[in-house]
Structures are given as C-alpha cells and as structure tokens.
*Asks:* 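This is the structure I want to talk about, given as structure tokens.
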2 protein chains.
Amino acid sequence: MTTIFSIEDEEALVSLLEYNIQSAGYKFQHSPNGYDGMMKLQKSKPDLILLDWMLPDISGTEVCKFVRSHKDLKSTPIIMLTAKGEEQDLLSGFDMGCDDYLTKPFSPAELIARIKALLRRSTDSSQDAVLSYGNIKMDTGTHRVYCCEEEAKLGPREYRILEFLMRHPGRVYSRQQILDSVWGTNVYVTDRTIDVHIRRLRKALSNTEECKVIRTIRSSGYSLDSQT
Amino acid sequence: MTTIFSIEDEEALVSLLEYNIQSAGYKFQHSPNGYDGMMKLQKSKPDLILLDWMLPDISGTEVCKFVRSHKDLKSTPIIMLTAKGEEQDLLSGFDMGCDDYLTKPFSPAELIARIKALLRRSTDSSQDAVLSYGNIKMDTGTHRVYCCEEEAKLGPREYRILEFLMRHPGRVYSRQQILDSVWGTNVYVTDRTIDVHIRRLRKALSNTEECKVIRTIRSSGYSLDSQT
DNA sequence: GGCATATTTAACATAACTGTAACATTGAAG
DNA sequence: CTTCAATGTTACAGTTATGTTAAATATGCC
C-alpha cells in the first residue's frame, strides 16, 4: 500500500493529516521530531514525505538534506509544510530538494490533490521515462523533448503543458483543465495565457518539417492530435 | 442549473454573496441558521454549500457532520467561511470534511474562483464515450465525428446538437427543447435558427452516401432516426 | 542590485461560427 | 387544385474565438 510519512510536532495537525490521508486510501506513519523521523524513515521507506519546516529539534532543511543524500530515500518526493509568513525562508528551501510546499492552514482537499500529483509524477516517470507521439519524443527523466530527432527548446510551462497533453494523446482538454493541471487550482491566470503558450509550443515543435500536432477544438480547447 | 446553498447569519454578507453568486451564473439559496439550513438542504440538494463557521444556533462543524452523514448530500463540496482568528479552531474542523475555507473578509473574486475550482473537481470524472448511431460515430473524448468512416467537420453548435440527439436516438425533440439543452435557458434565439443548424448538420453528415439520419417531425421537431 | 529568462497580459488581426432575413419548397387539409 | 403553414435553403452581416505580436511583469541567477 502507498505510505505517507509525516514528520510534524503539532498534535492537532497530526490527527488532521492522519484522518485525511487515511480517508484518501493511504497508509499513514508519523514521527514527532526530526531525529526520530530520520531513524524511522530508513526503515519505513515511504512513498512520500510530509515535512514540517519548523521542528522542535532540527530544521526541515536538515531532514530534507538527509533524505536526498540517503541511497534508498533519494528520490522520495517531499512536501514541506510551513506556517504563514515562513514562505520567504521556504523559497530557499526548494534548493534543498523538496518537491512542493503548503502553507498552514491548508485545506485537506488541497493537500490530497498535491499528494496525488506528486505520487503520479514519481510513479509515472519510473514506468515510462520516454513519452512519444508521432515524431515527438519526451524524456521525462532528462526533461528533454525531441521533434524529428532534433531537440526542441521549451520553457518550463511549455514542457508541462506538452507533458500533460502527451499523457492522454487525442483527448481534448479545456483551457480550464489545462490550467488546473499545469498551474494548479485557485490560480488567477487568464485563459488566454494558454493560447500564448500553445503558440510557443507549436513554434518549438515545428523545426524541421510540418509537425502540426496540437489541434484546436474551437470553443472546447486543445488536444495532441494531428490536424485534420 | 448549478445551485449554491449558503448558511450564514450576517445579513450584509448574505446579500453580498447573493449578488456575486448570481452574477457568476449560479442559483443562490440561503438559510440564516443551522437547523433551518439542514432542513432545507435535504430538499434543495445543492451543488455546493457555503457554510459559516459561527452560526447562531449550532456550529458549522455540526452542519458539516450532518451533510457528510446524509446519503444524498454526502459528496457535496463544502466551503467554510471563518472570521479572522478562527483559523486555529478551524484546523480541527477539517476533520469534519469540508473541502476548502475562506477567511473573512474575502474578495468576491476569490470566492467565485474557489467555487469554480471545487465544482470543476467534482465533475472532472471524464465521461468519455463513443456514441454511435447507424454509420455515425461520435467520440466525446477527442471531439471527432465520423460518418461512414470519414471525418465530418462540425462547428461547435452542430456538434452539441448532434451529441444531444445521439444521447437519445429516436426520440423527438421540439425546437424549444433543443434550444434549452444546447443554448441554455433564457437565451433569446429564434426557433428557426435551429433549422439552419440542422441543415448544416445534415450537410456535414452526407459525405459519401445518403445518410439521412435526422428526421423532421412536422410541427413537432427533430429526431435522430432513419427516414421512413 | 542588475541581468537574463520566463511568464502574463494586452492589443490587434484573422479566421470561424452564428443568427437572421428573405425566398423557395414541401405537405396536408379542404 | 389551391392555400397556408411549416420547413428547407441560401447569403450575409454580426459576433465570437483564436492567432499573433509586443510590451509589461515576474522570476531566478550571478
């Protein structure tokens, strides 16, 4: 069963986490401080770690470093939990190698959504490191995209949009669905922004020859599909 | 129509909610206290609930519990509204199963955005399917329509009319029913407009051979049916 | 802080779709 | 067979969605 390991000292929050994570169908394990947590992590080898930024003994950064340097835990996704106002410090914490973060108080729905997203990412990449459609290849390991054997240079957003589309080729996605999936929910961005990114994607994917692979479905959205 | 039900005692806030929610195109229903709200909820079965944390009679937690334990309301998303400083109590309240929360005062834009996000999440279970009737196939995932193995090019309106008809083949729909379903209610459009779209549909679906699949029922409407 | 890059918005151009009107055709009742 | 109402057909102008570009804003990096 998929296991989520939480290192967190606030008891109220722990029970909240336990309830919601178990409701979502995951196994929940827990440790109240950093040193104890690091010990248990080595035995537990969970699928994902929820890490409090401020722990009673050592900082989340240290735990993060530890996880990233440990052979068996190296690729375990980490979600950092921070109190309001700590975001600034946290930004630098991304350098430590955490994959996502949430600011307290957060909604359980949000937490579960991010957990799912991260788990999906990690399992997918282990299953198929190279996605391909037509003459487009995407290596999710190296984050490189090739079109007709030539490398295409994409910005991060373009990359994620393309990845999203390539996971379900042919299927039509509305701009809203693309926003939810690539940007995340509760983000204020105009629909039209997607048009611009789609434009750049198309441009980047049309290097050597005509590779019109992104179809516009008027009033509905876009899909990865050959144009009619 | 999508209905939002609010349980809230502050009158000023209620009218603010009502205005913004209706402006966003939702139906607004309301109750000023917990007990009354729970009664009305059972009849209303709204698509989303806005719940004040501090109600005059019982706490939002109780209402939340009630909703989650009620057969017909169990999966209705709940957004909790709290005054500033109540967040701490609220954390434990998430155990009750609310999906999101907002701290007063909040911006209407923020509220609407979260409502939309939640509604989207609950309806994202993709109902992709391939509808088919006679030699016509419609793939709702890719938004492509085939007639006699050849792709038919339809505008958005034609697509939606065809989808509507294909979901109940053989059944006769009046122009008004088609209007309500495809255009939406309270839209000022002439009945005759449908004739034109039906014409375009027929044209698009008659590529290789005679595929007369849309039947005219004089003085009644249209249906997807082989001609007599 | 200053630079480079990425992202978002805004503005305009273009293409596609939509609705209406005007006229032609059909079908049923008398 | 005539007549009237319903429907078919067509063309056009209005509307909307999307494409495209550029400029503004944000982000990350020395």
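Within every chain, numbering begins at 1; the chains are lettered A, B, ... in the order of the sequence lines, protein sequences first and strands thereafter. As the structure is a computational prediction, the values presented were derived from the model and not from experiment.
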*Asks:* Restricting to side-chain hydrogen bond (donor to acceptor under 3.5 Å, both in side chains), what partner residues turn up for B/H197, sequence neighbours left out?
*Replies:*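 B/H197 satisfies side-chain hydrogen bond (donor to acceptor under 3.5 Å, both in side chains) with B/E158 once adjacent residues are dropped.
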
*Asks:* Taking ring pair (Phe, Tyr, Trp, His ring centres under 6.0 Å) as the cut-off, I'd like each qualifying pair that reaches into residues 141-160 of chain A, sequence neighbours left out, listed once.
*Replies:*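 Listed once each, the pairs are A/H143-A/Y159.
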
*Asks:* Please name all residues satisfying side chain to side chain contact (heavy atoms under 4.5 Å, CB included) with B/S23, sequence neighbours left out, ordered by chain then number.
*Replies:*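 Scan of B/S23 (side chain to side chain contact (heavy atoms under 4.5 Å, CB included), adjacent residues dropped) gives B/Y19.
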
*Asks:* Generate the contact string for nucleotides 23-30 of chain C. Rules: B means base contact, S means sugar-phosphate contact only, - means no protein heavy atom under 4.0 Å.
*Replies:* ----B---

*Asks:* Run the side chain to side chain contact (heavy atoms under 4.5 Å, CB included) test against A/V196 and tell me which residues pass, sequence neighbours left out.
*Replies:*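 By the side chain to side chain contact (heavy atoms under 4.5 Å, CB included) rule, A/V196 matches A/R200.
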
*Asks:* With sequence neighbours left out, what residues match A/T190 under side-chain hydrogen bond (donor to acceptor under 3.5 Å, both in side chains)?
*Replies:*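 Residues passing side-chain hydrogen bond (donor to acceptor under 3.5 Å, both in side chains) with A/T190: none at all.
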
*Asks:* Which residues pass the side chain to side chain contact (heavy atoms under 4.5 Å, CB included) test with B/R175, sequence neighbours left out?
*Replies:*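 If we apply the side chain to side chain contact (heavy atoms under 4.5 Å, CB included) test to B/R175, skipping adjacent residues, the hits are B/D191, B/I194, B/D195, B/Y222.
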
*Asks:* Only counting residues at least two apart or in another chain, list the ones meeting side chain to side chain contact (heavy atoms under 4.5 Å, CB included) with B/S181.
*Replies:*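 So B/S181 forms a side chain to side chain contact (heavy atoms under 4.5 Å, CB included) with B/F164.
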
*Asks:* For nucleotides 2-4 of chain C, list the nitrogen or oxygen atoms of the protein found under 3.5 Å from its nitrogen or oxygen atoms, one pair per line.
*Replies:*
none

*Asks:* Check side-chain hydrogen bond (donor to acceptor under 3.5 Å, both in side chains) between B/S223 and all other residues, then give those that pass, not counting sequence neighbours.
*Replies:*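 Not a single residue meets the side-chain hydrogen bond (donor to acceptor under 3.5 Å, both in side chains) criterion with B/S223.
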
*Asks:* At 10 degrees resolution, what angle do the end axes of the helix from C/dG1-D/dC30 to C/dG30-D/dC1 form when each is taken over five base pairs?
*Replies:*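 Inter-axis angle at the ends, rounded: 40°.
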
*Asks:* Taking ring-ring contact (aromatic ring centres under 6.0 Å, His included) as the test, write out the residues that go with A/F66, two or more places apart.
*Replies:*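 Scan of A/F66 (ring-ring contact (aromatic ring centres under 6.0 Å, His included), adjacent residues dropped) gives A/H70.
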
